[in-house]
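Side chains included, hydrogens not; waters and symmetry mates left out as well; all remaining heavy atoms used. Residue numbers begin at 1 in each chain, while the letters A, B, ... track the order of the sequences.
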2 protein chains.
Amino acid sequence: MVRPSKKQQIPNLQEAIKETAWNQIAEFGAPTLSLRAIARELKITAPAIYNYFPNRDALVTALIIDAYTSFGDVQIAVRDEVPETELEERLRAIGLAYRQWALDYPQRYQLIFGTPIPGYVAPMLEVLPSAARSLSALVSVVDGLRVANKLIANGFPSIQSGYQQQFEVWKNYAGDYDIFSLSVAMIIWSRVHGLVSLEISGNMPPFGVDGSALYHYEISSIIDQFIKK
Amino acid sequence: MVRPSKKQQIPNLQEAIKETAWNQIAEFGAPTLSLRAIARELKITAPAIYNYFPNRDALVTALIIDAYTSFGDVQIAVRDEVPETELEERLRAIGLAYRQWALDYPQRYQLIFGTPIPGYVAPMLEVLPSAARSLSALVSVVDGLRVANKLIANGFPSIQSGYQQQFEVWKNYAGDYDIFSLSVAMIIWSRVHGLVSLEISGNMPPFGVDGSALYHYEISSIIDQFIKK
DNA sequence: CAGTGTATATATACAGTGTTTATTTTATTT
DNA sequence: AAATAAAATAAACACTGTATATATACACTG
């Protein structure tokens with residue numbers, strides 16, 4: 001068989017490859033993602049994929065960027081559903097949406113925050129824009145609290161010096177917020193991430209610790225600790 | 001070549017396989033762990049490994065159990081270096097040791113709590129004993145606080161019913177502590193895990209958020225939130 | 001319209017992987 | 001000493017990602 005005529009070709013093969021990859025990740029999990037399996041599904045040969053992605057890692061990077069974008073879209077949309085003045089409710093809303101997205105798309109969550117692909121390490125420079133944007137919802141709310149003088153952060157560690165340049169790059173994608181707010185956001189993020197990742201990966205002991213209840217408690221803890229009443 | 005005489009054989013090949021696996025994980029990372037590579041290193045053939053582990057996943061499980069055991073040893077040892085009456089200091093000590101162990105052995109940490117092996121999912125029943133024991137240091141301190149009436153847990157979510165049996169199994173390995181203490185320990189664990197896993201996996205934005213300082217802050221937050229003064 | 005160049009696919013091949021089967025040799029037991 | 005069990009090798013299968021060479025379809029140019 002030779003190259004098929006354009007009429008039988010798949011239009012926008014680049015997107016079709018990513019779509020098929022997502023389907024396979026959803027069905028069999030990220031670790032078993034295979035270029036050859038994608039090619040079989042699309043009825044093309046494996047090397048054809050190399051016209052669109054230089055190698056498998058590049059495809060994975062594209063998937064990660066898409067996942068970050070989808071995740072960021074949800075975070076920002078959920079934030080904007082709550083009036084700008086209701087900062088506490090905004091924080092709660094994006095916190096709950098965080099877990100919900102992870103439960104809805106566990107494989108995407110692990111693709112982003114885990115290391116489910118053998119030998120793959122995400123290229124920071126490429127991923128940074130979408131990653132920074134996805135966290136910007138949280139950072140914006142924390143910075144809103146800071147501006148409104150409602151942020152409690154007694155004894156919070158100060159920022160290391162010498163990173164101004166990287167921070168400037170970050171700002172281009174995540175918004176121009178105070179780096180102090182960023183650090184507080186980082187702690188909050190690590191808390192929700194810790195709970196969610198244990199729940200998703202099945203590392204929570206299976207004896208009736210309700211993930212949802214624990215998570216609600218943790219969100220309230222965060223609000224109590226960081227928001228002035 | 002045929003089977004070598006016993007004198008040239010490696011004594012305790014089972015242990016040697018695990019040791020070589022650890023070396024390769026340390027050098028190249030867990031995801032690229034390869035039975036054939038282990039065999040090459042040991043100058044045996046790959047199928048020979050199947051006399052000691054039924055498949056690669058079984059080897060990984062054995063490695064995970066060893067890692068949990070090593071981790072649990074450190075946790076328990078660190079706890080016991082602080083007098084039994086100094087519960088707050090015990091909590092702080094095991095908290096700091098948690099991060100230190102993760103920084104000392106990042107691959108082991110990711111092997112346990114991440115999903116770095118393609119398609120591998122840890123068999124709960126086999127891993128439970130060492131996993132439960134490794135967390136028992138934390139649970140014991142939390143339960144000590146509860147018994148001493150020093151544990152703050154207002155509004156803490158109640159335990160789901162119907163899991164008595166699993167909890168009984170858990171107790172055999174982790175010690176006979178109150179299930180309420182277990183839930184509090186779970187929250188504390190998720191917090192340190194969240195911060196450590198972000199730091200280990202390089203998912204912390206690279207602009208001067210000092211992992212060590214943040215971690216110390218988080219440990220203090222935990223103490224402030226859960227221990228009566 | 002003919003010819004050329006480029007993009008896009010296939011075909012083939014290589015080195016690697018986990019795993020299965022059959023076979024051979026060593027070690028142990030009867 | 002003979003039979004048996006254990007532990008290794010050898011060979012093969014079905015995969016994987018990827019590099020190279022090749023052939024075809026399409027678009028542009030003279």
Side-chain angles (χ1 to χ4, degrees), chain A residues 1-18 20-21 24-25 27-64 111 115-123, chain B residues 1-18 20-21 24-25 27-64 111 115-123:
Chain A
M1 210 223 284
V2 294
R3 181 185 173 193
S5 77
K6 193 161 196 176
K7 283 170 191 166
Q8 336 173 13
Q9 279 181 30
I10 297 148
N12 205 350
L13 190 47
Q14 174 136 10
E15 277 304 313
I17 290 167
K18 287 201 286 183
T20 308
Q24 299 203 354
I25 285 175
E27 190 162 3
F28 310 108
T32 58
L33 183 65
S34 154
L35 293 185
R36 294 183 111 113
I38 293 170
R40 272 195 301 274
E41 183 74 27
L42 291 172
K43 287 174 177 145
I44 58 175
T45 60
I49 296 176
Y50 284 74
N51 289 312
Y52 301 94
F53 301 96
N55 49 47
R56 192 193 53 162
D57 284 5
L59 169 59
V60 172
T61 298
L63 295 176
I64 286 179
L111 192 66
T115 54
I117 302 288
Y120 173 85
V121 284
Chain B
M1 211 225 284
V2 293
R3 184 184 175 197
S5 76
K6 194 162 196 179
K7 285 171 189 168
Q8 340 175 9
Q9 279 182 31
I10 298 149
N12 205 348
L13 191 47
Q14 175 136 9
E15 276 305 313
I17 290 168
K18 288 202 286 183
T20 308
Q24 299 202 353
I25 285 174
E27 190 163 4
F28 310 109
T32 57
L33 183 65
S34 154
L35 292 186
R36 292 182 113 111
I38 293 169
R40 271 195 302 276
E41 183 73 28
L42 291 171
K43 289 178 174 135
I44 58 173
T45 59
I49 297 176
Y50 285 72
N51 288 311
Y52 301 94
F53 301 95
N55 50 46
R56 192 192 53 161
D57 284 5
L59 169 59
V60 172
T61 298
L63 295 176
I64 286 179
L111 191 64
T115 54
I117 302 286
Y120 174 83
V121 283

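Remark: C:dA13 base-pairs with D:dT18. Criterion, Watson-Crick or G-U wobble with two distances under 3.5 Å.
Residues passing the side-chain contact (heavy atoms from CB on, under 4.5 Å) test with A:Pro47, sequence neighbours excluded: A:Thr45. Listed by chain and number, the residues in a side-chain contact (heavy atoms from CB on, under 4.5 Å) with B:Ser34 are B:Arg36, B:Ala37 (sequence neighbours excluded). Considering only residues two or more places apart in sequence or on other chains, A:Asn12 meets the side-chain contact (heavy atoms from CB on, under 4.5 Å) condition with A:Gln14, A:Glu15.
Distance, B:Asn51 CG to D:dT9 P: 9 Å, rounded to whole Å. Taking atom OH on A:Tyr52 and atom C1' on D:dT18, their separation rounds to 18 Å, with Å as the unit. A straight line from CZ of B:Phe53 to P of C:dG18 spans 14 Å, rounded to a whole angstrom. Regarding B:Ile38, its CD1 atom lies at a distance of 8 Å from the P atom of C:dG18, rounded to whole Å. Spacing between atom CD of A:Gln14 and atom P of C:dA9 amounts to 11 Å, rounded to whole angstrom units. In this entry the distance linking OH of B:Tyr120 with C1' of C:dG18 reads 16 Å, nearest Å. Atom CZ of B:Phe28 and atom C1' of C:dT17 are 16 Å apart (whole Å). Atoms CG (A:Leu13) and P (C:dA7) sit 16 Å apart, rounded to a whole Å.
No more than 12 heavy atoms of other residues, nucleotides or ligands sit less than 6.0 Å from atom CD of B:Glu41.
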Hey, what are the protein-to-nucleotides 14-17 of chain D N/O distances that come in under 3.5 Å?
{"from": "D:dT16", "atom 1": "OP1", "to": "A:Ser34", "atom 2": "OG", "distance (Å)": "3.1"}
{"from": "D:dT16", "atom 1": "OP1", "to": "A:Arg40", "atom 2": "NH2", "distance (Å)": "3.1"}
{"from": "D:dT16", "atom 1": "OP2", "to": "A:Arg40", "atom 2": "NH1", "distance (Å)": "3.2"}
{"from": "D:dG17", "atom 1": "OP1", "to": "A:Leu35", "atom 2": "N", "distance (Å)": "2.5"}
{"from": "D:dG17", "atom 1": "OP2", "to": "A:Ser34", "atom 2": "OG", "distance (Å)": "3.4"}
{"from": "D:dG17", "atom 1": "OP2", "to": "A:Leu35", "atom 2": "N", "distance (Å)": "3.2"}
{"from": "D:dG17", "atom 1": "OP2", "to": "A:Arg36", "atom 2": "N", "distance (Å)": "3.1"}
{"from": "D:dG17", "atom 1": "N7", "to": "A:Arg36", "atom 2": "NH1", "distance (Å)": "2.3"}
{"from": "D:dG17", "atom 1": "O6", "to": "A:Arg36", "atom 2": "NH1", "distance (Å)": "2.6"}

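Separation of atoms CD1 (B:Ile38) and CG (B:Leu33) is listed at 4.5 Å; rounding is to 0.5 Å. Residue A:Tyr120 holds its OH atom at 7.5 Å from CG of A:Leu111, rounded to the nearest 0.5 Å.
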